[in-house]
Amino acid sequence: MELTGHMLIGAEDVAATAGSMKALNPATNQEIEPAFAFGGAAEVDRAAQLADDAFESYHATSLAERAAFLERIAAGLEAVSPELAERTSLETGFSAAQLQVEIAKSVTQFRQFAEVVRQGRFRQAAIDPAQPDRQPRARMDHRLQKIAIGPVAIFGASNFPISYSVAGGDTASALAAGCPVILKAHNAHPGASEIEGRVIRGAIEDTGLHEGVFSLVRGGGNEIGEALVAHPLIKGVTFTGSEVGGMALFHRAQQRPDPIPVFTEMTSVNPTFVLPAALAARGHDIGDGYAERMLVNVGQACLKPAIVLAIHGPGYDAMKQAMTARVQAMPARTMLTPGINTAYRRNLERLANAGAERIAAGGDPQGAWDGQAMLFEVDGTRALEEASLSEEVFGPAALLMRVKDEAQLFALARQFRGQLSATLQIDADDYALARRLVPILERRTGRIVINAFSHPQEVSYASIHGGPFPATSDSRFTSVGMTAIERFLRPVCYQGFPDALLPEALRHANPAGIWRLTDGELSRA
Ligand code: NAP
């Protein structure tokens, strides 16, 4: 596919109105062709008008039609997989092999959401039939289903250039819900974004949908993002990135005359608690497995286990030595962008200034934007005094907290802000302690993992990629997994409707054959 650098607004390729940029290869520090167009508020307005025009016809598609559209996107991504992986590798420093895995994840997500649409359970159809003879007051026929909230703005993430970006889970779940999408492409991978965007546009053309179902815009500063969040035709926003950026957009949306939901996924250190019996029995293996996991993607992952806590005792030194050996053996590797690399270096200084001791370093940086692996240690007393030690360092660094006793472990657990995940390493003799720790963690995290290393998120019904603030701005929802669709839905009750006027999901004969709650009982009748 030839990259043109245009924005994709509906069916139109739109040239720059506010300057342009070239992608940077962070491994060589060289720019890559072509130039990518920047737009502003006018392009956002054009895309939003088209999305609004598209809403009614797209929302009215049958479950089968919408599922076929999502499957067409999946097939389109498969078809461009080699060139998408190659271009993304140039723009991110990630290997093409690793990116093939990410593309496969995106393909699977679109197919999974196609299945979610076909099953129709996302409508959460509920029927409370009329009770004309009920005393003291008759009950009217009430029927409820969930419908799409309207056109939404999605901010592509920098760190997963496919599965959390243009063709990522946010786009898949929004389109599955019936929401037209305006994608704000991340400037860290503009070529990858264009390839993914053109696949989605191709699927729209192939399935005969309204051109406004998808647009891709790009900008050179905050203006375009702010214009998107402020636009009166946009009815919801998703974002993955920094806490500062996410909260700026969240507050902007709340200042609108008509505030809209903003689902931000921002920051998490995913603490790992190594309990005493596990530490004594498996200290070395835990340290080795932990360090391997925290270095994945050069530590640029929302689920990176950034902090490990253990009570000082048998096995502690073996764990520390294993972590040290892994970190020392790790060559410096290219980080995603100059900005992310600069922030990483600044955060390493922050840790040292806050009282953490540097106990291991990986190979020296060779390229301009290489991130050097680092391991720090701090004692629990200092960590309690200095809460900033519990904040995220985005990159290949970890902090080992040497804890005095159980009381200090509980105090540290209570000090963490909201998290995406927390992990326990335990053996059978740790169960009593784990039972006391889990309720503390439940209040602070969306996911608790036992005996794995902040395991990658499954895309499934039981998965949660969310958690209390600042992990996200709304702990009731997930951005990964089948229930991610719920961010884009709202309930509508239809009261006293004749069958001929009811939406498909609520008709008496249940023509779509979906699961419905009738008088409180689930059935497909
Ligand atoms: P970011 O700076 O928050 O930017 C994310 C996206 O939001 C970009 O498209 C950006 O546009 C836009 N944006 C940010 N602030 C905005 C504002 N005030 N108004 C309008 N648009 C705004 O995140 P990033 O570039 O991906 O990385 C920066 C830092 O974020 C990293 O160093 C890391 O600390 C953190 N991060 C965390 C995670 C995680 O999962 N925990 C993931 C990614 C990044 P522009 O690029 O045009 O500014």
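Predicted, not measured: the structure shown is a model, and the values here were computed from it. In listed order, ligands and their atoms are each counted from 1.
Glu196 and Ser165 share no donor-acceptor pair across their side chains, judged by distance under 3.5 Å alone. A donor-acceptor contact closer than 3.5 angstrom links the side chains of Thr4 and Arg198. A donor atom on one side chain and an acceptor atom on the other are found under 3.5 Å apart for Arg350 and Asn347. Side-chain atoms of Ser268 and Gln419 include a donor-acceptor pair closer than 3.5 Å.
Counting atoms of ligand 1 from 1 in the listed order, those under 4.0 Å from a heavy atom of Glu265 are 40 (O). Against a heavy-atom cut-off of under 4.0 Å, Gly245 is close to the following atoms of ligand 1: 14 (C), 15 (N). Against a heavy-atom cut-off of under 4.0 Å, Met266 is close to the following atoms of ligand 1: 37 (C), 38 (C), 39 (C), 41 (N). The atoms of ligand 1 that sit less than 4.0 Å from any heavy atom of Asn159 are 42 (C), 43 (C). Close approach to Phe155 involves these atoms of ligand 1, each under 4.0 Å from a residue heavy atom: 7 (O). Those atoms of ligand 1 that come under 4.0 Å of a heavy atom in Gly221, given as number and element, are 47 (O). Residue Ala248 has at least one heavy-atom neighbour below 4.0 Å for each of these atoms of ligand 1: 18 (N).
In this structure the side chain of Pro190 never reaches within 4.5 angstrom of the side chain of Leu3, judged on heavy atoms. Proximity of Val217 to Ile224: side-chain heavy atoms (C-beta onward) are separated by under 4.5 Å at one or more points.
Between the Arg382 side chain and the Ala354 main chain, a donor and an acceptor come within less than 3.5 Å of each other.
Residue Met319 forms a side-chain contact (heavy atoms from CB on, under 4.5 Å) with just one option from Asp288, Thr324, Leu400, and that option is Leu400.
Contact check on Arg417 versus Glu243 returns a salt bridge, with a Lys/Arg side-chain nitrogen under 4.0 Å from an Asp/Glu carboxylate oxygen.
Of the protein's non-hydrogen atoms, the one nearest atom 3 (O) of ligand 1 is Ser242 OG, 2.6 Å.
The closest approach between Glu392 and ligand 1 falls below 4.0 Å for a heavy atom of the residue.
No N or O atom of Thr267 sits closer than 3.5 Å to an N or O atom of ligand 1. Residue Ser268 places no N or O, backbone or side chain, under 3.5 Å from any N or O of ligand 1. The N/O atoms of Thr240, backbone and side chain alike, include none that comes under 3.5 Å of an N/O atom in ligand 1.
Between Tyr164 and Phe160, the ring planes are tilted. Angles from 30° to 60° get that label.
When non-hydrogen atoms are compared, ligand 1 lies under 4.0 Å from the side chain of Phe239 (C-beta onward) but not from its backbone. With a 4.0 Å heavy-atom cut-off, ligand 1 is reached by the side chain of Leu249 but not by its N, CA, C or O. Counting heavy atoms under 4.0 Å from ligand 1, residue Asn222 touches it through both backbone and side chain.
In this structure, of Glu243, Lys184, Met21, the residue bringing a heavy atom nearest to atom 11 (O) of ligand 1 is Lys184.
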